[in-house]
Amino acid sequence: MSMLRDTLAPRAQTVRAPLYFPVWKHLLVVGILVFGLMYAMPNLYPDDPAVQVTGAKATIDVDASLVEAVSAALSASGLSALEVKQLDKSVLVRFRNSEDQLRAKDAIQVALGEEYLVALNLAANTPSWLRAVGAYPLKLGLDLRGGVHFLMEVDMAKALEKRMDAYLEEVRTALRAERIRYRTLSADPAGTIQVELTNTEREDEAYELLRSSLRDFTLVSNEDTVHPGWTLELLEQQRRAIEDYAISQNLTTLRNRVNELGVAEATVQRQGRNRIVVQLPGVQDTATAKRVLGRTASLEFRLQDYANQSSVNSTGHVPVGSELFPFKGEERPPVLLYKKVIVGGDQVVNARANYDENGRPQVNITLSGKGGRDLHRVTREH
């Protein structure tokens, strides 16, 4: 009986109190969820088919008149756009579907002519209030979004050849300044300069001059020649510096041109020693992208036609052999230049940003041997 009573006796049970979290933890979880949802929302807005209109040359202005011309071309073709917007260096036109996009590209190109580039593109459709807080759609890249992939190779041999021409001119100028007569002076595009003197009278002086003025080279004496001379061999680190400069200049140029296309997820980066990879996700017009990236920039040095400048300002008549150039974005009378080009951009070996003696920014340009001689001759005569 005692065992039965023990079995039937009620047992005490432990009841656990419910878990308690502070209010701030609940608010933190809710805040994280809201934050995550807000920054995920841009992916719910698909990109719109668009057309990007840019100038075929960097000198062509993109202003309100271009927006009006694009709108007129669309109206004449019976097409309606979601938006015609003027950007920094282009005009962006959004459409509802790809059919209108393709028809609009042809219509705009015919209306504007060859002075403008009309490219197919995809434009982000993220609302402005999301962009204001830094919420943008996930970058899908070239694999998921599609687009254009370019692999470009920089002509290092040409870059080295131009720099060797500049070095050759330095040697020629240094020897002439010290009145040291030479018999042979030539440069090899591979990176060497051959110097041969006419006699041995000033051999030591010439050696010290070359050694001190050309620190980017090593001097090797030519033992097997009748006349004294040296072979100047370009240092490997300087050769690499020339290649790095050529790559950096091309990277800067390509990035500026990619910005004209309005591609938000573009990739422009160096690959290996002499190649550049350009990826343009969302770009559908390969031919136009190739035209923009492969466009040749022009730099020209000309003399100003001072004799006819005042008459052109008063009458507007441009004489034969001269050309009028307006100042961009400045209220100044246009300048009259001779059409004859003294030196072109193909003679520029090096260009870098610097400051003058007054602390103002300037660009230092190094010309090739031929370009330096031509500019020296013209400035001396004028």
Side-chain angles (χ1 to χ4, degrees), residues 150-178 180 182 184-197 203-225 228-256 267-278 297 299 343-357 361-373 375:
F150 293 106
L151 179 61
M152 300 182 174
E153 185 175 355
V154 180
D155 190 353
M156 293 300 183
K158 191 67 175 179
L160 182 60
E161 181 182 353
K162 286 188 175 182
R163 185 62 66 89
M164 291 304 299
D165 287 343
Y167 281 130
L168 184 65
E169 188 65 23
E170 289 183 19
V171 175
R172 181 180 289 110
T173 302
L175 293 176
R176 288 180 177 176
E178 297 297 328
I180 299 176
Y182 55 87
T184 303
L185 183 60
S186 61
D188 184 356
T192 60
I193 297 177
Q194 299 292 337
V195 181
E196 188 174 344
L197 304 181
E203 180 180 357
D204 294 339
E205 186 179 350
Y207 175 80
E208 290 298 329
L209 175 65
L210 295 176
R211 188 181 62 84
S212 59
S213 59
L214 294 174
R215 299 183 180 275
D216 298 334
F217 291 82
T218 57
L219 273 69
V220 180
S221 179
N222 297 335
E223 302 291 346
D224 55 346
T225 58
W230 303 271
T231 298
L232 283 69
E233 298 179 355
L234 187 65
L235 297 174
E236 183 62 25
Q237 60 183 14
Q238 185 60 24
R239 186 189 298 269
R240 287 296 185 97
I242 295 173
E243 294 177 355
D244 292 341
Y245 172 78
I247 288 288
S248 65
Q249 290 292 90
N250 282 277
L251 284 173
T252 302
T253 302
L254 289 174
R255 288 190 178 114
N256 291 336
T267 300
V268 182
Q269 61 185 11
R270 181 175 183 174
Q271 184 181 78
R273 187 165 180 173
N274 62 340
R275 292 182 177 180
I276 297 177
V277 174
V278 180
L299 174 67
V343 178
D346 57 336
Q347 299 295 333
V348 175
V349 176
N350 190 7
R352 60 188 181 276
N354 208 330
Y355 295 92
D356 61 9
E357 61 274 8
Q362 67 180 16
V363 178
N364 293 342
I365 296 178
T366 303
L367 299 176
S368 64
K370 181 180 182 303
R373 289 192 298 271
L375 189 61

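Heavy-atom basis, side chains included; hydrogens, waters and symmetry copies ignored.
- The neighbour count for E208 CD, taken as heavy atoms of other residues, nucleotides or ligands under 6.0 Å away, is above 12.
- For the atom pair W230 CH2 and R211 CZ, the distance stands at 12.0 Å (nearest 0.5 Å).
- With rounding to the nearest 0.5 angstrom, the CG atom of N354 is 5.5 Å from the CD atom of Q362.
- Contact of the F150 side chain with the V277 side chain is not registered, since no non-hydrogen atoms from C-beta on lie closer than 4.5 Å.
- Once rounded to the nearest 0.5 Å, the distance linking CZ of R255 with CG of N250 reads 11.0 Å.
- Residues passing the salt bridge (Lys or Arg N to Asp or Glu O under 4.0 Å) test with E243 are R273, sequence neighbours excluded.
- Between V278 and T267, the closest side-chain pair of non-hydrogen atoms is not below 4.5 Å.
- Using a 4.5 Å heavy-atom cutoff, the side chains of L197 and Y207 are not in contact.
- For the pair M152/L254, a side-chain contact is recorded, criterion being any heavy-atom separation below 4.5 Å from C-beta on.
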**Request:** Run the numbers on T192 and L232 for side chain to side chain contact (heavy atoms under 4.5 Å, CB included), then give the verdict.
**Result:** CA-CA 5 Å; T192 60; L232 283 69; over 6 Å; no
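- Distance check, rounded to the nearest 0.5 Å: OG1 of T252 to CD1 of I247 gives 11.0 Å.
- Distance CD/Q271 to CD/Q269: 7.5 Å, rounded to 0.5 Å.
- Rounded to the nearest 0.5 angstrom, E236 CD and T218 OG1 are separated by 11.0 Å.
- Between E203 and P228, the shortest heavy-atom contact is CD-CB, 3.6 Å.
- A donor-acceptor pair under 3.5 Å is absent between the side-chain atoms of T173 and the main chain of E170, judged by distance alone.
- Of the possible donor and acceptor atoms, one in the side chain of D155 sits under 3.5 Å from a partner among the backbone N and O of K158.
- What you find for V154 and A246 is that their closest heavy atoms are CG1-CB, 4.2 Å.
- With a 4.5 Å cut-off on side-chain heavy atoms, N222 and E196 do not count as touching.
- Side-chain contact between Y167 and L234 is present, with heavy atoms from C-beta onward closer than 4.5 Å.
- Here the side chains of T366 and R352 are in contact, with some heavy-atom distance below 4.5 Å.
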**Request:** Assess whether side chain to side chain contact (heavy atoms under 4.5 Å, CB included) is satisfied between R239 and L160, documenting all intermediate values.
**Result:** CA-CA 8 Å; R239 186 189 298 269; L160 182 60; 3.2 Å; yes
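- Q238 places none of its side-chain heavy atoms less than 4.5 Å from the side chain of R215.
- Between R270 and D244 a salt bridge is recorded (basic side-chain N to carboxylate O distance below 4.0 Å).
- One side chain, E153 or N274, offers a donor N or O that lies under 3.5 Å from an acceptor on the other.
- The side-chain contact (heavy atoms from CB on, under 4.5 Å) test with Y182 is passed by exactly one of I180, T184, L185: L185.
- Looking only at atom types and distance, the side chain of Y245 has a donor-acceptor partner in the side chain of Q249 under 3.5 Å away.
- Nearest approach of L367 to G372, heavy atoms of both residues: CB-N, 3.8 Å.
- Checking Q194 against T231 by side-chain atom types alone, a donor-acceptor pair falls below 3.5 Å.
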**Asked** Checking side chain to side chain contact (heavy atoms under 4.5 Å, CB included) for the pair L251/I276: CA distance, chi angles, key distance, verdict?
**Response** CA-CA 8 Å; L251 284 173; I276 297 177; 3.7 Å; yes
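- A search for side-chain hydrogen bond (donor to acceptor under 3.5 Å, both in side chains) contacts involving R172 returns E169, not counting sequence neighbours.
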**Request:** Please step through side chain to side chain contact (heavy atoms under 4.5 Å, CB included) for the pair I193 and M164, ending with a clear verdict.
**Result:** CA-CA 8 Å; I193 297 177; M164 291 304 299; 3.5 Å; yes
